[in-house]
2 protein chains.
Amino acid sequence: MDLSEKSNCTFCHFKSQAVETLDTTEITLLEKNCAESVFKKNAIIFQQGSLTSHIAYIRSGLVKIHKRGPSRDQILKIVKPLRFIGIPTILNGRRYQYSATALVPTNLCFIDTDIFKNLILQNGSFGNEIINELCQDELRFFDHAINRLQKQIHGRVAEALLYLSTEIFANNSFLMPLSGKDLGDFVHASRETITRTLSRFKKEGLIDKQGRQITILDYKTLLHISRTG
Amino acid sequence: MDLSEKSNCTFCHFKSQAVETLDTTEITLLEKNCAESVFKKNAIIFQQGSLTSHIAYIRSGLVKIHKRGPSRDQILKIVKPLRFIGIPTILNGRRYQYSATALVPTNLCFIDTDIFKNLILQNGSFGNEIINELCQDELRFFDHAINRLQKQIHGRVAEALLYLSTEIFANNSFLMPLSGKDLGDFVHASRETITRTLSRFKKEGLIDKQGRQITILDYKTLLHISRTG
DNA sequence: TTCAAAATGTGTTTTAAATCACAGTTTAAA
DNA sequence: TTTAAACTGTGATTTAAAACACATTTTGAA
(Lines give C-alpha, C1' and ligand atoms only; values in the text may rest on other atoms or scores of the structure.)
Protein backbone atom coordinates (compact mmCIF):
# COMPACT_ATOMS: atom_id res chain seq x y z
CA MET A 1 0.00 0.00 0.00
CA ASP A 2 1.41 3.34 -1.05
CA LEU A 3 0.98 5.97 1.61
CA SER A 4 3.53 8.32 0.12
CA GLU A 5 1.24 11.17 -0.80
CA LYS A 6 0.44 13.47 2.11
CA SER A 7 -3.05 14.93 2.22
CA ASN A 8 -4.28 18.46 2.41
CA CYS A 9 -7.27 18.03 4.69
CA THR A 10 -7.96 21.74 5.24
CA PHE A 11 -8.93 22.32 1.62
CA CYS A 12 -10.28 18.81 0.96
CA HIS A 13 -13.60 18.88 -0.92
CA PHE A 14 -14.66 15.51 0.47
CA LYS A 15 -14.98 16.21 4.19
CA SER A 16 -17.38 14.13 6.26
CA GLN A 17 -19.70 15.78 8.77
CA ALA A 18 -17.37 14.55 11.49
CA VAL A 19 -14.31 16.23 9.98
CA GLU A 20 -16.32 19.43 9.47
CA THR A 21 -16.52 19.77 13.28
CA LEU A 22 -12.74 20.03 13.67
CA ASP A 23 -11.07 23.39 14.37
CA THR A 24 -7.92 24.65 12.62
CA THR A 25 -5.50 23.08 15.10
CA GLU A 26 -7.28 19.74 14.98
CA ILE A 27 -7.47 19.60 11.21
CA THR A 28 -3.75 20.43 10.99
CA LEU A 29 -3.08 17.53 13.34
CA LEU A 30 -5.19 15.29 11.11
CA GLU A 31 -3.41 16.50 8.01
CA LYS A 32 0.00 15.62 9.44
CA ASN A 33 -1.08 12.08 10.28
CA CYS A 34 -3.04 11.19 7.23
CA ALA A 35 -2.01 9.77 3.85
CA GLU A 36 -3.93 9.37 0.65
CA SER A 37 -3.91 6.23 -1.45
CA VAL A 38 -5.66 4.81 -4.51
CA PHE A 39 -6.97 1.24 -4.73
CA LYS A 40 -7.88 -0.61 -7.91
CA LYS A 41 -11.04 -2.67 -8.31
CA ASN A 42 -10.81 -5.79 -6.13
CA ALA A 43 -7.72 -4.52 -4.29
CA ILE A 44 -7.65 -5.53 -0.63
CA ILE A 45 -7.63 -2.50 1.69
CA PHE A 46 -7.04 -4.49 4.84
CA GLN A 47 -7.48 -8.11 5.67
CA GLN A 48 -9.08 -9.92 8.57
CA GLY A 49 -6.32 -11.16 10.87
CA SER A 50 -3.61 -8.72 9.82
CA LEU A 51 -2.20 -6.23 12.32
CA THR A 52 -4.22 -3.03 12.64
CA SER A 53 -2.54 0.21 11.76
CA HIS A 54 -4.94 2.82 10.47
CA ILE A 55 -8.55 3.86 10.09
CA ALA A 56 -9.44 4.59 6.47
CA TYR A 57 -11.67 7.30 5.10
CA ILE A 58 -13.41 6.77 1.75
CA ARG A 59 -13.02 9.89 -0.42
CA SER A 60 -14.44 8.24 -3.53
CA GLY A 61 -15.26 4.72 -4.72
CA LEU A 62 -17.04 1.84 -3.01
CA VAL A 63 -15.88 -0.69 -0.44
CA LYS A 64 -17.17 -4.05 0.75
CA ILE A 65 -16.71 -5.10 4.38
CA HIS A 66 -16.58 -8.88 4.53
CA LYS A 67 -15.61 -11.70 6.81
CA ARG A 68 -14.79 -15.36 6.31
CA GLY A 69 -17.49 -17.64 7.75
CA PRO A 70 -17.49 -21.42 8.19
CA SER A 71 -19.00 -22.06 4.76
CA ARG A 72 -18.31 -18.93 2.68
CA ASP A 73 -17.32 -15.29 2.66
CA GLN A 74 -20.02 -13.02 4.10
CA ILE A 75 -20.37 -9.45 2.85
CA LEU A 76 -21.46 -7.56 5.97
CA LYS A 77 -21.89 -4.13 4.50
CA ILE A 78 -21.13 -1.95 1.52
CA VAL A 79 -19.68 1.42 2.41
CA LYS A 80 -19.80 4.50 0.21
CA PRO A 81 -17.76 7.71 0.28
CA LEU A 82 -17.51 10.14 3.18
CA ARG A 83 -17.45 7.31 5.68
CA PHE A 84 -14.71 5.81 7.80
CA ILE A 85 -13.95 2.10 7.70
CA GLY A 86 -12.22 0.14 10.42
CA ILE A 87 -13.29 2.33 13.34
CA PRO A 88 -13.32 -0.70 15.72
CA THR A 89 -9.53 -0.55 15.33
CA ILE A 90 -9.65 1.93 18.24
CA LEU A 91 -10.50 -1.01 20.52
CA ASN A 92 -7.46 -2.60 22.11
CA GLY A 93 -7.50 -5.58 19.69
CA ARG A 94 -4.40 -5.74 17.56
CA ARG A 95 -5.84 -7.39 14.47
CA TYR A 96 -8.53 -6.48 11.99
CA GLN A 97 -11.67 -8.48 12.70
CA TYR A 98 -12.87 -8.26 9.11
CA SER A 99 -11.62 -7.50 5.61
CA ALA A 100 -12.23 -4.47 3.41
CA THR A 101 -11.95 -4.65 -0.39
CA ALA A 102 -12.44 -2.00 -3.07
CA LEU A 103 -15.39 -2.83 -5.34
CA VAL A 104 -14.51 -0.08 -7.82
CA PRO A 105 -11.41 2.17 -8.06
CA THR A 106 -11.33 3.81 -4.65
CA ASN A 107 -9.56 6.78 -3.15
CA LEU A 108 -8.78 6.45 0.55
CA CYS A 109 -7.14 8.47 3.32
CA PHE A 110 -5.41 6.46 6.04
CA ILE A 111 -5.49 8.02 9.50
CA ASP A 112 -3.39 7.00 12.44
CA THR A 113 -5.62 5.23 14.99
CA ASP A 114 -4.23 7.13 17.98
CA ILE A 115 -4.82 10.47 16.28
CA PHE A 116 -8.38 9.45 15.52
CA LYS A 117 -8.88 8.47 19.15
CA ASN A 118 -7.41 11.78 20.32
CA LEU A 119 -9.86 13.69 18.14
CA ILE A 120 -12.73 11.79 19.80
CA LEU A 121 -11.38 12.56 23.28
CA GLN A 122 -10.67 16.24 22.55
CA ASN A 123 -13.69 17.19 20.50
CA GLY A 124 -17.12 16.08 21.68
CA SER A 125 -18.74 17.15 18.42
CA PHE A 126 -16.42 14.89 16.44
CA GLY A 127 -17.27 11.97 18.71
CA ASN A 128 -20.94 12.84 18.42
CA GLU A 129 -20.83 12.57 14.62
CA ILE A 130 -19.01 9.24 14.84
CA ILE A 131 -21.66 8.00 17.28
CA ASN A 132 -24.37 9.09 14.85
CA GLU A 133 -22.72 7.12 12.06
CA LEU A 134 -22.31 4.04 14.24
CA CYS A 135 -25.96 4.26 15.29
CA GLN A 136 -27.15 4.56 11.69
CA ASP A 137 -25.02 1.55 10.81
CA GLU A 138 -26.51 -0.43 13.68
CA LEU A 139 -30.09 0.30 12.65
CA ARG A 140 -29.36 -0.58 9.03
CA PHE A 141 -27.56 -3.72 10.05
CA PHE A 142 -30.54 -4.85 12.14
CA ASP A 143 -32.74 -4.53 9.06
CA HIS A 144 -30.23 -6.27 6.82
CA ALA A 145 -29.98 -9.13 9.30
CA ILE A 146 -33.74 -9.58 9.40
CA ASN A 147 -33.91 -9.40 5.61
CA ARG A 148 -31.24 -11.98 5.11
CA LEU A 149 -32.60 -14.31 7.77
CA GLN A 150 -36.34 -14.14 7.25
CA LYS A 151 -36.96 -13.52 3.57
CA GLN A 152 -36.81 -15.90 0.63
CA ILE A 153 -34.43 -15.11 -2.25
CA HIS A 154 -36.86 -13.03 -4.23
CA GLY A 155 -37.29 -10.70 -1.28
CA ARG A 156 -33.60 -10.67 -0.47
CA VAL A 157 -32.50 -9.90 -4.01
CA ALA A 158 -35.21 -7.28 -4.49
CA GLU A 159 -34.14 -5.61 -1.28
CA ALA A 160 -30.46 -5.65 -2.33
CA LEU A 161 -31.27 -4.09 -5.72
CA LEU A 162 -33.32 -1.36 -4.09
CA TYR A 163 -30.60 -0.78 -1.52
CA LEU A 164 -27.98 -0.31 -4.24
CA SER A 165 -30.27 1.86 -6.34
CA THR A 166 -31.57 4.03 -3.53
CA GLU A 167 -28.89 4.22 -0.86
CA ILE A 168 -25.67 3.62 -2.73
CA PHE A 169 -26.15 5.11 -6.20
CA ALA A 170 -29.23 7.30 -5.70
CA ASN A 171 -30.14 6.40 -9.26
CA ASN A 172 -32.65 3.96 -10.75
CA SER A 173 -29.97 2.78 -13.18
CA PHE A 174 -26.52 1.70 -12.06
CA LEU A 175 -23.56 -0.50 -12.97
CA MET A 176 -23.75 -3.51 -10.63
CA PRO A 177 -20.53 -3.41 -8.58
CA LEU A 178 -20.97 -7.00 -7.36
CA SER A 179 -20.48 -10.23 -9.29
CA GLY A 180 -23.09 -12.99 -8.95
CA LYS A 181 -20.96 -14.66 -6.31
CA ASP A 182 -20.51 -11.36 -4.43
CA LEU A 183 -24.22 -10.61 -4.55
CA GLY A 184 -24.77 -14.12 -3.20
CA ASP A 185 -22.28 -13.45 -0.39
CA PHE A 186 -24.18 -10.26 0.37
CA VAL A 187 -27.75 -11.61 0.50
CA HIS A 188 -26.72 -15.14 1.48
CA ALA A 189 -27.63 -17.12 -1.60
CA SER A 190 -25.76 -19.29 -4.09
CA ARG A 191 -24.49 -17.83 -7.33
CA GLU A 192 -26.94 -19.96 -9.32
CA THR A 193 -29.92 -18.78 -7.30
CA ILE A 194 -28.89 -15.15 -7.88
CA THR A 195 -28.71 -15.73 -11.67
CA ARG A 196 -32.13 -17.35 -11.73
CA THR A 197 -33.70 -14.61 -9.63
CA LEU A 198 -32.27 -11.76 -11.71
CA SER A 199 -33.35 -13.51 -14.96
CA ARG A 200 -36.83 -13.87 -13.55
CA PHE A 201 -37.01 -10.21 -12.48
CA LYS A 202 -35.91 -9.26 -16.00
CA LYS A 203 -38.42 -11.59 -17.68
CA GLU A 204 -41.19 -10.18 -15.51
CA GLY A 205 -40.21 -6.64 -16.48
CA LEU A 206 -39.24 -5.55 -12.97
CA ILE A 207 -35.70 -4.66 -14.00
CA ASP A 208 -33.70 -4.26 -17.18
CA LYS A 209 -30.26 -5.83 -17.32
CA GLN A 210 -27.69 -5.29 -20.06
CA GLY A 211 -24.58 -7.04 -18.78
CA ARG A 212 -23.80 -5.35 -15.49
CA GLN A 213 -26.02 -2.34 -16.16
CA ILE A 214 -29.16 -2.65 -14.06
CA THR A 215 -32.22 -0.43 -14.33
CA ILE A 216 -35.09 -0.55 -11.88
CA LEU A 217 -38.24 -0.56 -14.04
CA ASP A 218 -40.95 -1.39 -11.52
CA TYR A 219 -39.93 0.10 -8.20
CA LYS A 220 -43.29 -0.46 -6.58
CA THR A 221 -43.51 -4.18 -7.25
CA LEU A 222 -39.88 -4.69 -6.24
CA LEU A 223 -40.57 -2.88 -2.99
CA HIS A 224 -43.59 -5.09 -2.41
CA ILE A 225 -41.52 -8.23 -3.07
CA SER A 226 -38.76 -6.96 -0.80
CA ARG A 227 -41.26 -6.27 1.98
CA THR A 228 -43.23 -9.49 1.87
CA GLY A 229 -40.22 -11.73 1.20
CA MET B 1 -43.95 2.86 33.36
CA ASP B 2 -43.20 4.25 36.79
CA LEU B 3 -40.50 6.89 36.65
CA SER B 4 -41.36 8.31 40.06
CA GLU B 5 -38.23 7.39 41.90
CA LYS B 6 -35.37 9.81 41.29
CA SER B 7 -31.92 8.31 41.19
CA ASN B 8 -28.79 9.07 43.11
CA CYS B 9 -26.18 8.65 40.40
CA THR B 10 -23.25 10.04 42.39
CA PHE B 11 -23.28 7.20 44.85
CA CYS B 12 -24.64 4.54 42.47
CA HIS B 13 -22.78 1.25 42.77
CA PHE B 14 -23.63 0.24 39.20
CA LYS B 15 -21.83 2.88 37.14
CA SER B 16 -20.75 2.04 33.62
CA GLN B 17 -17.28 2.97 32.39
CA ALA B 18 -18.90 5.82 30.46
CA VAL B 19 -20.55 7.32 33.54
CA GLU B 20 -17.28 6.96 35.48
CA THR B 21 -15.76 9.58 33.14
CA LEU B 22 -18.24 12.27 34.21
CA ASP B 23 -17.19 15.05 36.58
CA THR B 24 -19.23 16.29 39.56
CA THR B 25 -21.23 18.86 37.58
CA GLU B 26 -22.01 16.41 34.82
CA ILE B 27 -23.10 13.63 37.15
CA THR B 28 -25.36 16.06 38.98
CA LEU B 29 -26.92 16.98 35.65
CA LEU B 30 -27.43 13.28 34.92
CA GLU B 31 -28.93 12.71 38.35
CA LYS B 32 -31.52 15.43 37.85
CA ASN B 33 -32.65 13.99 34.52
CA CYS B 34 -32.71 10.34 35.32
CA ALA B 35 -35.34 8.10 36.86
CA GLU B 36 -35.16 4.57 38.11
CA SER B 37 -37.74 1.91 37.34
CA VAL B 38 -38.28 -1.82 37.86
CA PHE B 39 -39.59 -4.16 35.15
CA LYS B 40 -41.03 -7.62 35.69
CA LYS B 41 -40.08 -10.62 33.56
CA ASN B 42 -41.51 -10.21 30.05
CA ALA B 43 -42.43 -6.55 30.65
CA ILE B 44 -41.98 -4.37 27.57
CA ILE B 45 -39.43 -1.59 28.15
CA PHE B 46 -40.13 0.17 24.88
CA GLN B 47 -41.78 -0.94 21.70
CA GLN B 48 -40.83 -0.64 18.04
CA GLY B 49 -42.90 2.16 16.53
CA SER B 50 -43.70 4.04 19.72
CA LEU B 51 -42.44 7.59 20.24
CA THR B 52 -38.91 7.82 21.62
CA SER B 53 -38.42 9.49 24.94
CA HIS B 54 -35.45 8.15 26.84
CA ILE B 55 -32.31 6.10 26.71
CA ALA B 56 -32.31 3.35 29.32
CA TYR B 57 -29.44 2.06 31.42
CA ILE B 58 -29.53 -1.50 32.74
CA ARG B 59 -28.55 -1.53 36.43
CA SER B 60 -29.48 -5.19 36.90
CA GLY B 61 -31.38 -7.88 35.03
CA LEU B 62 -31.33 -8.91 31.38
CA VAL B 63 -32.95 -7.40 28.29
CA LYS B 64 -33.69 -8.69 24.79
CA ILE B 65 -33.57 -6.31 21.82
CA HIS B 66 -35.93 -7.59 19.15
CA LYS B 67 -37.67 -6.54 16.00
CA ARG B 68 -40.64 -7.80 14.06
CA GLY B 69 -39.65 -9.34 10.72
CA PRO B 70 -41.85 -10.50 7.83
CA SER B 71 -42.18 -14.05 9.20
CA ARG B 72 -41.38 -13.84 12.90
CA ASP B 73 -39.88 -11.83 15.73
CA GLN B 74 -36.09 -11.61 15.54
CA ILE B 75 -34.03 -11.29 18.71
CA LEU B 76 -31.12 -9.07 17.64
CA LYS B 77 -29.16 -9.02 20.84
CA ILE B 78 -29.28 -9.76 24.53
CA VAL B 79 -28.01 -6.94 26.71
CA LYS B 80 -26.71 -7.33 30.23
CA PRO B 81 -26.22 -4.81 33.05
CA LEU B 82 -24.03 -1.71 32.89
CA ARG B 83 -25.03 -1.06 29.29
CA PHE B 84 -27.31 1.50 27.69
CA ILE B 85 -30.16 0.46 25.45
CA GLY B 86 -31.81 2.64 22.83
CA ILE B 87 -28.79 4.84 22.09
CA PRO B 88 -29.91 5.29 18.42
CA THR B 89 -32.71 7.40 19.93
CA ILE B 90 -30.20 10.28 19.68
CA LEU B 91 -30.71 10.21 15.91
CA ASN B 92 -33.42 12.52 14.69
CA GLY B 93 -35.94 9.68 14.24
CA ARG B 94 -38.95 10.05 16.46
CA ARG B 95 -39.84 6.41 16.89
CA TYR B 96 -38.08 3.39 18.35
CA GLN B 97 -36.78 1.19 15.54
CA TYR B 98 -36.88 -1.94 17.70
CA SER B 99 -38.38 -3.28 20.90
CA ALA B 100 -36.76 -3.98 24.25
CA THR B 101 -38.23 -6.50 26.70
CA ALA B 102 -37.05 -7.62 30.13
CA LEU B 103 -36.10 -11.32 30.18
CA VAL B 104 -35.82 -11.41 33.98
CA PRO B 105 -36.77 -8.83 36.64
CA THR B 106 -34.79 -5.78 35.55
CA ASN B 107 -33.80 -2.51 37.14
CA LEU B 108 -33.45 0.39 34.71
CA CYS B 109 -32.57 4.08 34.77
CA PHE B 110 -34.21 6.24 32.12
CA ILE B 111 -32.15 9.17 30.90
CA ASP B 112 -33.42 12.09 28.89
CA THR B 113 -32.10 11.80 25.32
CA ASP B 114 -31.04 15.46 25.09
CA ILE B 115 -29.09 15.23 28.32
CA PHE B 116 -27.36 12.11 27.04
CA LYS B 117 -26.48 13.92 23.83
CA ASN B 118 -25.16 16.91 25.77
CA LEU B 119 -22.88 14.66 27.78
CA ILE B 120 -21.44 13.30 24.52
CA LEU B 121 -20.89 16.81 23.17
CA GLN B 122 -19.38 18.18 26.39
CA ASN B 123 -17.24 15.30 27.47
CA GLY B 124 -15.05 13.57 24.89
CA SER B 125 -14.20 10.75 27.28
CA PHE B 126 -17.87 9.93 27.74
CA GLY B 127 -18.35 9.83 23.97
CA ASN B 128 -15.23 7.72 23.63
CA GLU B 129 -16.63 5.08 26.00
CA ILE B 130 -19.93 5.05 24.11
CA ILE B 131 -18.02 4.61 20.85
CA ASN B 132 -16.11 1.71 22.37
CA GLU B 133 -19.36 0.04 23.36
CA LEU B 134 -20.89 0.58 19.92
CA CYS B 135 -17.77 -0.85 18.27
CA GLN B 136 -17.81 -3.92 20.50
CA ASP B 137 -21.47 -4.39 19.64
CA GLU B 138 -20.74 -4.10 15.94
CA LEU B 139 -17.99 -6.72 16.02
CA ARG B 140 -20.14 -9.11 18.03
CA PHE B 141 -23.09 -8.52 15.73
CA PHE B 142 -20.97 -9.35 12.69
CA ASP B 143 -20.09 -12.68 14.27
CA HIS B 144 -23.67 -13.35 15.30
CA ALA B 145 -24.86 -12.62 11.76
CA ILE B 146 -22.34 -15.03 10.26
CA ASN B 147 -23.25 -17.68 12.82
CA ARG B 148 -26.95 -17.38 12.19
CA LEU B 149 -26.58 -17.29 8.42
CA GLN B 150 -23.91 -19.87 7.74
CA LYS B 151 -24.20 -22.54 10.39
CA GLN B 152 -26.66 -25.39 10.74
CA ILE B 153 -28.78 -25.59 13.89
CA HIS B 154 -26.33 -27.66 15.90
CA GLY B 155 -23.70 -24.99 15.43
CA ARG B 156 -26.12 -22.14 16.03
CA VAL B 157 -27.53 -23.63 19.23
CA ALA B 158 -24.08 -24.61 20.52
CA GLU B 159 -22.87 -21.07 19.89
CA ALA B 160 -25.89 -19.57 21.67
CA LEU B 161 -25.39 -21.80 24.72
CA LEU B 162 -21.71 -20.87 24.91
CA TYR B 163 -22.57 -17.20 24.46
CA LEU B 164 -25.03 -17.29 27.36
CA SER B 165 -22.66 -19.32 29.54
CA THR B 166 -19.52 -17.32 28.79
CA GLU B 167 -20.55 -13.77 27.98
CA ILE B 168 -23.86 -13.30 29.78
CA PHE B 169 -23.65 -15.41 32.94
CA ALA B 170 -19.91 -16.11 33.18
CA ASN B 171 -20.87 -19.48 34.62
CA ASN B 172 -20.98 -22.98 33.16
CA SER B 173 -24.39 -23.49 34.76
CA PHE B 174 -27.24 -21.02 34.32
CA LEU B 175 -31.02 -20.68 34.31
CA MET B 176 -32.01 -20.36 30.64
CA PRO B 177 -33.69 -16.94 30.34
CA LEU B 178 -35.20 -17.76 26.92
CA SER B 179 -38.13 -20.05 26.11
CA GLY B 180 -37.78 -22.47 23.21
CA LYS B 181 -39.56 -20.01 20.97
CA ASP B 182 -37.30 -17.15 22.14
CA LEU B 183 -34.18 -19.21 21.61
CA GLY B 184 -35.52 -19.96 18.13
CA ASP B 185 -36.07 -16.26 17.51
CA PHE B 186 -32.49 -15.65 18.64
CA VAL B 187 -30.68 -18.27 16.53
CA HIS B 188 -33.28 -18.33 13.77
CA ALA B 189 -34.75 -21.78 14.15
CA SER B 190 -38.18 -23.20 14.83
CA ARG B 191 -39.24 -24.08 18.34
CA GLU B 192 -39.34 -27.79 17.42
CA THR B 193 -35.81 -27.77 16.05
CA ILE B 194 -34.53 -26.13 19.25
CA THR B 195 -36.18 -28.85 21.36
CA ARG B 196 -34.68 -31.61 19.26
CA THR B 197 -31.22 -30.06 19.30
CA LEU B 198 -31.16 -29.51 23.07
CA SER B 199 -32.43 -33.09 23.66
CA ARG B 200 -29.69 -34.39 21.45
CA PHE B 201 -26.99 -32.36 23.22
CA LYS B 202 -28.27 -33.74 26.53
CA LYS B 203 -28.40 -37.33 25.26
CA GLU B 204 -24.85 -37.00 23.97
CA GLY B 205 -23.66 -35.68 27.34
CA LEU B 206 -22.65 -32.25 26.08
CA ILE B 207 -25.01 -30.45 28.46
CA ASP B 208 -27.18 -31.25 31.42
CA LYS B 209 -30.70 -29.86 31.47
CA GLN B 210 -33.08 -29.95 34.44
CA GLY B 211 -36.03 -27.86 33.33
CA ARG B 212 -34.55 -24.46 32.55
CA GLN B 213 -31.32 -25.11 34.41
CA ILE B 214 -28.57 -25.70 31.86
CA THR B 215 -25.06 -26.90 32.63
CA ILE B 216 -22.29 -27.02 30.06
CA LEU B 217 -20.66 -30.44 30.52
CA ASP B 218 -18.42 -30.69 27.46
CA TYR B 219 -17.26 -27.19 26.62
CA LYS B 220 -14.63 -28.37 24.15
CA THR B 221 -16.97 -30.40 21.95
CA LEU B 222 -19.62 -27.66 22.03
CA LEU B 223 -17.01 -25.15 20.93
CA HIS B 224 -16.00 -27.45 18.12
CA ILE B 225 -19.63 -27.87 17.02
CA SER B 226 -20.17 -24.10 17.22
CA ARG B 227 -17.07 -23.46 15.10
CA THR B 228 -17.65 -26.00 12.37
CA GLY B 229 -21.41 -25.48 12.22
C1' DT C 1 -56.43 -25.93 44.10
C1' DT C 2 -58.15 -25.87 39.88
C1' DC C 3 -57.91 -25.25 35.17
C1' DA C 4 -56.97 -22.89 30.91
C1' DA C 5 -53.11 -21.23 28.52
C1' DA C 6 -48.30 -21.61 27.48
C1' DA C 7 -44.61 -24.32 26.67
C1' DT C 8 -42.43 -28.58 25.42
C1' DG C 9 -41.67 -33.18 23.08
C1' DT C 10 -41.77 -36.26 18.95
C1' DG C 11 -43.00 -38.50 14.39
C1' DT C 12 -44.22 -37.41 9.41
C1' DT C 13 -44.50 -34.58 5.34
C1' DT C 14 -43.26 -30.77 2.61
C1' DT C 15 -40.36 -27.31 0.53
C1' DA C 16 -36.98 -23.72 -0.63
C1' DA C 17 -32.79 -23.44 -2.04
C1' DA C 18 -28.24 -25.65 -2.06
C1' DT C 19 -25.46 -28.66 -4.65
C1' DC C 20 -24.10 -30.99 -8.72
C1' DA C 21 -23.12 -31.12 -13.54
C1' DC C 22 -21.98 -29.05 -17.55
C1' DA C 23 -22.31 -25.48 -21.48
C1' DG C 24 -21.54 -20.95 -22.95
C1' DT C 25 -19.50 -16.23 -22.29
C1' DT C 26 -16.85 -12.55 -20.78
C1' DT C 27 -12.56 -10.63 -19.05
C1' DA C 28 -7.96 -9.56 -18.45
C1' DA C 29 -3.32 -10.97 -18.71
C1' DA C 30 0.59 -12.80 -21.68
C1' DT D 1 -4.50 -11.37 -30.43
C1' DT D 2 -4.62 -15.38 -28.08
C1' DT D 3 -5.94 -18.07 -24.26
C1' DA D 4 -6.71 -19.44 -19.70
C1' DA D 5 -9.35 -18.03 -15.86
C1' DA D 6 -13.22 -16.13 -13.99
C1' DC D 7 -18.02 -15.45 -14.57
C1' DT D 8 -22.77 -16.57 -16.11
C1' DG D 9 -26.80 -19.55 -17.44
C1' DT D 10 -29.88 -23.61 -16.86
C1' DG D 11 -31.64 -28.35 -15.82
C1' DA D 12 -31.72 -32.41 -12.40
C1' DT D 13 -30.98 -34.06 -7.71
C1' DT D 14 -30.42 -33.72 -2.88
C1' DT D 15 -31.08 -32.01 1.71
C1' DA D 16 -31.70 -29.38 6.04
C1' DA D 17 -35.03 -27.69 8.50
C1' DA D 18 -39.70 -25.72 8.40
C1' DA D 19 -44.41 -26.85 8.78
C1' DC D 20 -47.92 -29.82 10.33
C1' DA D 21 -50.21 -32.65 13.65
C1' DC D 22 -50.75 -34.17 17.91
C1' DA D 23 -49.57 -35.72 22.94
C1' DT D 24 -47.77 -34.27 27.24
C1' DT D 25 -46.10 -31.12 30.70
C1' DT D 26 -45.60 -26.89 33.08
C1' DT D 27 -47.12 -22.43 34.59
C1' DG D 28 -49.63 -18.83 36.49
C1' DA D 29 -53.91 -16.60 37.35
C1' DA D 30 -58.83 -17.04 39.33
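Proteins get letters first, then strands, A, B, ... in listed order; numbering begins at 1 in each.
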With a non-hydrogen cut-off below 4.0 angstrom, is A:K209 in contact with a base, only sugar-phosphate, or nothing? sugar-phosphate
Counting any heavy atom closer than 4.0 Å, what does A:S190 reach on the DNA or RNA strands: base, sugar-phosphate only, or nothing?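 Since a base atom lies under 4.0 Å of A:S190, the category is base.
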With DNA chain C as reference, determine whether A:H188 or B:K181 sits nearer its 5' end, using the nearest nucleotide of each. B:K181
Of B:S179 and A:I153, the one whose closest nucleotide on DNA chain C sits nearer the 5' end is B:S179
Write down the distance between [atom1] ([X]) and [atom2] ([N]), rounded to a whole number of angstrom.
{"X": "B:N42", "N": "D:dA29", "atom1": "CG", "atom2": "P", "value": "10 Å"}
{"X": "B:K40", "N": "D:dA29", "atom1": "NZ", "atom2": "P", "value": "8 Å"}
{"X": "A:I214", "N": "D:dT8", "atom1": "CD1", "atom2": "P", "value": "10 Å"}
{"X": "B:K203", "N": "C:dT10", "atom1": "NZ", "atom2": "P", "value": "8 Å"}
{"X": "A:D182", "N": "D:dA6", "atom1": "CG", "atom2": "C1'", "value": "12 Å"}
{"X": "A:K41", "N": "C:dT27", "atom1": "NZ", "atom2": "C1'", "value": "10 Å"}
{"X": "A:D185", "N": "D:dC7", "atom1": "CG", "atom2": "C1'", "value": "14 Å"}
{"X": "A:E192", "N": "C:dA16", "atom1": "CD", "atom2": "C1'", "value": "15 Å"}

Side-chain donor-acceptor pair under 3.5 Å between [X] and [Y], yes or no?
{"X": "B:T89", "Y": "B:T52", "answer": "no"}
{"X": "B:Q136", "Y": "B:R83", "answer": "yes"}
{"X": "B:H66", "Y": "B:T101", "answer": "yes"}

Can you classify the ring geometry of B:F116 versus B:F84 as parallel (below 30°), tilted (30 to 60°) or perpendicular (above 60°)? perpendicular
Of the nucleotides [options], which one has an atom closest to the side chain of [X]?
{"X": "B:R212", "options": "C:dA7, D:dT10, C:dG9", "result": "C:dA7"}
{"X": "A:S199", "options": "C:dT19, C:dT8, D:dT10", "result": "D:dT10"}
{"X": "B:Q152", "options": "D:dT10, D:dA17, C:dG9", "result": "D:dA17"}
{"X": "B:R196", "options": "D:dT10, C:dT8, C:dT12", "result": "C:dT12"}

Distance, nearest 0.5 Å, that separates CD of A:Q74 from CD1 of A:I65: 13.0 Å
